[in-house]
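Step one of this worksheet: look at the structure below.
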Amino acid sequence: MSAERNSPDAVEAPEQDEDLTVRDPVSAPDDEGVPRRTTRRFPLFTRDTARPEGGGRAASGDAPAPARQWPILAVLLAVGLGLLLTALDLFRLGTLLIGVALLAGAVLRWLVPDVGMLAVRSRFTDIVTYGGLGLAIALLALMVQPHPWLEIPFLKDTLHFTVSS
């Protein structure tokens with residue numbers, strides 16, 4: 001044995017077979033490094049990033065690229081139009097459109113099985129995230145001053161108690 005292999009700083013790499021194959025996505029290596037299905041649950045530690053549910057194409061592979069990603073393009077176009085309206089001094093209408101676009105993204109994520117790049121995380125997390133942000137932006141757009149389209153009575157009382165002169 002050489003001095004390098006006997007030194008305490010040397011790290012030995014485990015020997016791996018060249019014909020190592022993973023049988024399914026839930027395979028976990030055993031003590032010898034051979035993958036075997038131990039449970040139906042996903043492993044505690046993953047070595048790769050799993051694709052989100054619904055992360056496939058929204059249209060068939062022979063369709064042009066924009067048609068394959070129509071859900072994210074619809075949401076992005078609506079958000080872009082909302083930003084344009086906001087830049088053109090239609091703040092309330094523009095931000096309301098942004099909120100509605102995010103709410104539409106949540107609905108698409110819920111109803112459409114394959115939404116392409118609109119799927120970022122799990123279906124539940126995407127729906128909660130898109131829906132929560134969309135609802136918050138839409139409500140804030142409806143309550144913006146002056147002359148709000150939506151007045152929530154308890155907010156006036158809260159403001160009265162928090163800001164004193």
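Worth knowing before you read on, the calculation uses all heavy atoms, side chains too, and leaves out hydrogens, waters and symmetry mates. For clarity, every value in this text was computed on a predicted model and none was experimentally measured.
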Please report, to 0.1 Å, the donor-acceptor pairs under 3.5 Å made by any side chain of residues 94-103, with sequence neighbours excluded.
{"unit_1": "Thr95", "atom_1": "OG1", "unit_2": "Phe91", "atom_2": "O", "d": "2.9"}
{"unit_1": "Thr95", "atom_1": "OG1", "unit_2": "Arg92", "atom_2": "O", "d": "3.2"}

Going by the rule side chain to side chain contact (heavy atoms under 4.5 Å, CB included), which residues pair with Leu150 if we only count those two or more places apart in sequence or in a different chain? Leu139, Leu142, Met143, Ile152
Which donor-acceptor pairs under 3.5 Å do the side chains of residues 79-89 make with protein atoms, sequence neighbours left out?
{"unit_1": "Thr86", "atom_1": "OG1", "unit_2": "Gly82", "atom_2": "O", "d": "2.8"}

hydrophobic_cluster_shared for Val112 and Val120, side chain cutoff 4.5 Å: yes
Please check: side-chain N/O of Arg109 versus main-chain N/O of Val115, any donor-acceptor pairing under 3.5 Å? no
Are Trp149 and Leu135 connected in the hydrophobic side-chain network, where two residues link if heavy atoms are under 4.5 Å apart? yes
Same apolar cluster (I L V M F W Y, side chains within < 4.5 Å links), Leu133/Trp110: no
Which residues share a side chain to side chain contact (heavy atoms under 4.5 Å, CB included) with Leu73, sequence neighbours left out: Pro66
With sequence neighbours excluded, residues passing side chain to side chain donor-acceptor pair (under 3.5 Å) with Thr125: Ser122
Nearest non-hydrogen partners of Met117 and Gln69, listed with the distance: N-OE1, 2.7 Å
Identify, with sequence neighbours excluded, every residue that meets side chain to side chain contact (heavy atoms under 4.5 Å, CB included) alongside Glu151. Pro148, Lys156
Interatomic distance, CG@Leu108 vs CH2@Trp70, rounded to 0.5 Å, equals 5.0 Å
Ignoring hydrogens and geometry, is there a side-chain-to-backbone donor-acceptor pair from Tyr130 to Leu118 under 3.5 Å? yes
Pairs meeting criterion salt bridge (charged side-chain N to carboxylate O under 4.0 Å, His left out) with involvement of residues 69-85, two or more places apart: none
